[in-house]
Amino acid sequence: MIGAVHIGLLAACVVLFVPMAMAGWHLSRNKMLFFSCALFITLAVGVHLMPYFPSISDFLSPSQVISLSSPSNRDSCVSFLHSVVYSGGGVIKECGIGCEKRLGWDWDWVGSGRVAGCEFQKLMRSDASDLLNGSWVVVAGDSQARLMAVSLLELVMGNEAMERVRGDLFKRHSDYSITVDEIGMKLDFFWAPYVGNLTELVLQLRRSRNIPDVMVVGAGLWDMLHVNNASEYGSALRVLRDNSLTLLPVSSNLDVGNSKPAARFLHLFWVGMPMLITTMLNTDEKREKMTTAIYDSYEDELTTSKIWRESGGPFFKLDVRLLSELCGPRCTSDGMHYDGVVYDATVQIMLNALLIESNQKLE
Ligand SMILES: *[C@@H]1O[C@H](CO)[C@@H](O)[C@H](O)[C@H]1NC(C)=O
Ligand SMILES: *[C@@H]1O[C@H](CO)[C@@H](O)[C@H](O)[C@H]1NC(C)=O
Ligand SMILES: *[C@@H]1O[C@H](CO)[C@@H](O)[C@H](O)[C@H]1NC(C)=O
């Protein structure tokens, strides 16, 4: 890609050498000075007008992305990524194993104030394909992580292709691997219901020296139901945090020949726990063990273990609690697994975070 620096150097050379060449043609010093000034002014005006001519900007950045201007703006925008609103909703439709969709829900980012200024954009299939082209994405965790995998695959493969793989992806408690040939994206889902399983996976990746480009992980609900000890959960999180930090920053094995900055480093995301609606949970055991008090103590452990980026940890927090709470009881039938719209929003927030991190912007 031709950077602004190259253009600047080129301009400087033109201003310097063209008049000198002309001097070779026996122009007077005054004429040379005149040409120098004229050239300088032309180039300066040209550089300032360039952004207004899309065709020239396209030439400057052949890929679909341009740089975001100010880093401080980027950083403050990250904190607005979760500012979404839901709209519509109503009809229930069965759509195969593990899938029940309430149609008509939609979501978007808040359309006013500073959120609007950040110009977040829902990535279309082609945008997501560009961003994830040639990447290796690992999704690991419990059912919340699996629902993230579904939304991501739906986005890059389209609904029809997704229907064909949905049955395999939803085989209970199993791993799943798929390569989306069109964009050479590999997605691995690992069933890892406990934090210890995630740590094991991280250690395995480190041993194999084969590090994905994007990792989306999260666990908590199983622990709450089957172990129900928040302080043990916290200890496990701290072990995961320390081991995950050793993966960062690392050059991925996939970046050879891939000029996309997005695919160059491992990006770690944490899929948070959804809001639990105790009265809607579908077993007595769940209603008894997954109470608000226990949930809060698990959330506290997530905060104090400092696994999230905002407290110096390795994981960018995808706040599924907030996103599910905003949608509320109307978006879930069991008080724990929410409608696709919640995970679609979460996936889009993740992809926009990836764009911001890798300093890119959709045009
Ligand atoms: C993915 O990248 C490859 C090589 O960089 C390119 O040839 C291909 O067209 C890209 N595909 C998409 C869908 O962007
Ligand atoms: C996850 O960890 C639990 C407890 O350590 C273990 O029993 C289980 O086999 C592990 N599951 C996977 C898929 O590794
Ligand atoms: C939770 O686990 C810790 C450490 O294993 C143990 O000391 C504590 O008694 C447990 N708490 C409960 C409520 O079982």
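Just so you know, ligand 1 is whichever comes first in the structure, and atom 1 is the first atom listed for that ligand.
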Students often mix this up, so state it plainly: with edges at 30° and 60°, are the rings of Y194 and W222 parallel, tilted or perpendicular?
perpendicular
Anything under 30° is parallel, anything over 60° is perpendicular, the rest tilted; go ahead and classify F315 against W270.
perpendicular
Option passing side chain to side chain contact (heavy atoms under 4.5 Å, CB included) with V217 (candidates N197, V139, L198, V202)
L198
Inter- and intrachain pairs under salt bridge (charged side-chain N to carboxylate O under 4.0 Å, His left out), touching residues 174-189, at least two apart
K186-D188
By ring-ring contact (aromatic ring centres under 6.0 Å, His included), Y343 pairs with (sequence neighbours left out) none
Identify the protein atoms, limited to N or O, that lie within less than 3.5 Å of an N or O atom of ligand 2, and list each pair with its distance to 0.1 Å.
unit_1: ligand 2; atom_1: 2 (O); unit_2: N197; atom_2: OD1; d: 3.3
unit_1: ligand 2; atom_1: 2 (O); unit_2: N197; atom_2: ND2; d: 2.3
unit_1: ligand 2; atom_1: 11 (N); unit_2: N197; atom_2: ND2; d: 3.1
unit_1: ligand 2; atom_1: 14 (O); unit_2: N197; atom_2: ND2; d: 3.3

Do D106 and S87 have a side chain donor and acceptor closer than 3.5 Å?
no
I183 heavy atoms within 4.0 Å reach ligand 1 at atoms 13 (C)
D130, any N or O under 3.5 Å of ligand 1 N or O:
yes
Listed partners of R287 passing side chain to side chain donor-acceptor pair (under 3.5 Å), at least two apart
D284
